[in-house]
Protein chains: 2
Amino acid sequence: MDGTRATPKPGNAAGASRVTRDAVLSTAMRLVMESGTEGLSMRKLAAELGVAVTSIYWHVGNREALLDELVERVLRDMGTIRVTGTTPVARIVSIAQASRHAILDRPHLISLVRERGLDSLMMLPTRRALVREFAAAGLHGTRAALAVQSVQYQVAGFVMLERALTGLPVEPPLVQAWLDEVAEGDPELARSMYDPADTDTLFDVAVRSIVESLLHEA
Amino acid sequence: MDGTRATPKPGNAAGASRVTRDAVLSTAMRLVMESGTEGLSMRKLAAELGVAVTSIYWHVGNREALLDELVERVLRDMGTIRVTGTTPVARIVSIAQASRHAILDRPHLISLVRERGLDSLMMLPTRRALVREFAAAGLHGTRAALAVQSVQYQVAGFVMLERALTGLPVEPPLVQAWLDEVAEGDPELARSMYDPADTDTLFDVAVRSIVESLLHEA
DNA sequence: ACCTGAACACCGTTCAAGT
DNA sequence: ACCTGAACACCGTTCAAGT
């Protein structure tokens, strides 16, 4: 009933283990990549490192600070956005597309950013590129700010929604019932609405429309 | 040291309290409205009702089922989207605007939907209205599906991002540093980027561009 | 400087037992 | 049918204590 306590440190026979701040951060990152932020607990992280929970606190402060540091790491890894194309519209659309892919390629980034409310941080590389291109296209001051923000909102909003919708097990039954009711008389429409959206096309249509309308008024 | 246990049921001297499923749901809704889904715990809810935690489980199953039920309640309360305007563009833009406001007026809905991944459920009233209007504007089949989804993604993505960004204590210092660097040479732009975005205008520009481009190709 | 265990104040959920 | 307490398996965080 007592006496045996279950061995606490899997890789260490006796005495204190040691970790570096760097080891804490990269193991944390691995856990987040495997199962999102909700898969990262301080206690699981400590166990993974073969160390007492409280050591983690010494190295990184607390869970929030740990997540913030992870966000910055991913951001550094993302680097800058590559711009292609020759016309202003094409170049700005290319920024939006590159941003979307850079973010979608890092699903854990969205997980981190959502929990910590650091959405604006996530968009920094995109903002840099947009400011430059809109300036090159002749927009300055508040007009430029509006243009940059428009595209930025489009990218960030779209991607976060896209991320939230994919991975869901199809539409819940309640939604299907409503769809049938709504699309009666247009069976082709009803069928198209069951399928997952073609997000590449949706994104392209939206971004191109916005950018064209922003630039043609200049 | 022992003997006194602190009175467990604030409103009930002795014996078992009683709750209805309805009381559980509306108290839960109040807690969510006060402090989001993370302010709702089964134990807090039970305490609020003066009942043992386990009673809650008898009435609603578990926490996820409880949240799902709350989503449906808010949705019923939202009702249908009112359409105004005479031209197709104006009518569809009005749907987007009404949807945005209906959702922003219910911040707890976003909180619920985020945690449960029910984004598509949140957009159902909007979808109904959009299907009707695009049909009236002459779009059918897969073209109509693309159009509906475009506007729907725009509204949902924008609103969720808008909600995530507001309530933040301004831009984090790291962002400010980057902005100064990026906007050098255009002080008016730099100033505009510090300010919170004018989301009404941003939304309007984006929606109008998208809807016009969807309809003009018809 | 870095690690430790104990403790506090929380969670969601299950289960056998009461009436 | 509906409520109960006890128990399990988790959380994040603080603190005094060790080396």
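Everything numeric in this text was worked out from a predicted model, so none of it was measured. Chain A is the first sequence line, chain B the second, and so forth, proteins listed ahead of strands; every chain is numbered from 1.
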Measure the distance from CZ on B/Arg21 to P on D/dC3 and round it to the nearest whole Å. 13 Å
May I have the distance from A/Leu40 (atom CG) to D/dC11 (atom C1'), rounded to whole angstrom? 12 Å
Side chain of A/Arg18 only, heavy atoms from C-beta on: which candidate in C/dC3, C/dT13, D/dC11 is closest? C/dC3
In whole angstroms, the gap separating C1' of C/dT4 from OH of A/Tyr57 amounts to 15 Å
Using whole Å, what does the distance between atom P of nucleotide D/dG5 and atom CE of B/Met42 come to? 16 Å
Minimum-distance nucleotide to A/Trp58 side chain [options: C/dC11, C/dC2, D/dC3]: C/dC2
D/dC2 and C/dA17: how far apart are their C1' atoms, nearest whole angstrom? 13 Å
Tell me whether the OP1 or OP2 atom of D/dC3 has a side-chain N or O from B/Thr54 closer than 4.0 Å. no
Between C/dC2 atom P and A/Ile56 atom CD1, what is the distance in whole Å? 14 Å
Distance alone, cut at 3.5 Å: any donor-acceptor contact between the side chains of A/Thr199 and A/Glu162? yes
Checking B/Glu115 against B/Thr37: is there a side-chain donor and acceptor pair closer than 3.5 Å? yes
Can you tell me how far C1' in D/dA7 sits from the matching atom in C/dC11, rounded to whole Å? 14 Å
Among the candidates C/dA7, D/dC2, C/dT4, find the nucleotide nearest to the side-chain atoms of A/Ser55. C/dT4
Side chains of B/Met29 and B/Val74: closer than 4.5 Å at any heavy-atom pair? yes
Base, sugar-phosphate or nothing for A/Arg63? Non-hydrogen atoms, less than 4.0 Å. sugar-phosphate
For the side chain of B/Arg43, counting heavy atoms from C-beta on, which of C/dC3, D/dA7, D/dT14 is nearest? D/dA7
Do any N or O atoms from the side chain of B/Arg106 and from the backbone of B/Ala102 form a donor-acceptor pair under 3.5 angstrom? yes
Verify the contact: side-chain N or O of B/His59 to OP1 or OP2 of D/dA1, cut-off strictly under 4.0 Å; return yes or no. no
With side-chain contact (heavy atoms from CB on, under 4.5 Å) as the test, would you mind laying out the steps for B/Val24 and B/Val51 before giving the verdict? CA-CA 10 Å; B/Val24 171; B/Val51 107; over 6 Å; no
Pair assignment for DNA chain D - dot-bracket with | for other-strand partners, Watson-Crick or G-U under 3.5 Å: ||.|||||...|||||.||
Using a 3.5 Å distance criterion without hydrogens, assess whether the side chain of B/Ser17 forms a donor-acceptor pair with backbone atoms of B/Gly50. yes
In terms of side-chain heavy atoms of A/Val53, which of D/dT4, D/dT13, C/dT13 is nearest? D/dT13
Test your reading of the model: is there a side-chain donor-acceptor pair from B/Arg163 to the backbone of B/Ile103, 3.5 Å cut-off? no
Starting from P on D/dC11, measure out to CD on B/Glu38 and report it in whole angstrom. 19 Å
